[in-house]
A.B. asks: 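Just dropping this structure here.
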Amino acid sequence: MPITTVRTPHGAVDVDTTALELGELLVSDDGVELEVVSLAPLRFEPAPMEDEDWGE
């Protein structure tokens, strides 16, 4: 499992690029939750905010 540091505009993330999946969530070193939106080329976007679930 080769771990690579990927720099993004939202901080750096340490990932195993061979095991990433679309939609996977990661947290950058700046504390930003990022979603994998593309594998080739590798691209991350800030994860959408979850709406509160009031038990409905």
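Heavy atoms only: backbone and side chains are in, while hydrogens, waters and symmetry mates are out.
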A.B. asks: Please find the pair of heavy atoms, one from H10 and one from S28, that lie closest to each other, and give the distance.
C.D. replies: O-OG, 2.7 Å
A.B. asks: Is V15 isolated, or which residues cluster with it under the ILVMFWY side-chain rule of less than 4.5 Å, directly or via members?
C.D. replies: V6, V13, L20, L22, L26, V32, L34, V36, L39, L42, F44
A.B. asks: Excluding sequence neighbours, so at least two apart, what forms salt bridge (charged side-chain N to carboxylate O under 4.0 Å, His left out) with E45?
C.D. replies: R43
A.B. asks: Can you tell me how far apart OG1 (T17) and CD1 (I3) are? Round to the nearest 0.5 Å.
C.D. replies: 8.5 Å
A.B. asks: Quick one: which residue pairs count as a side-chain hydrogen bond (donor to acceptor under 3.5 Å, both in side chains) with a foot in residues 29-40, not counting sequence neighbours?
C.D. replies: none
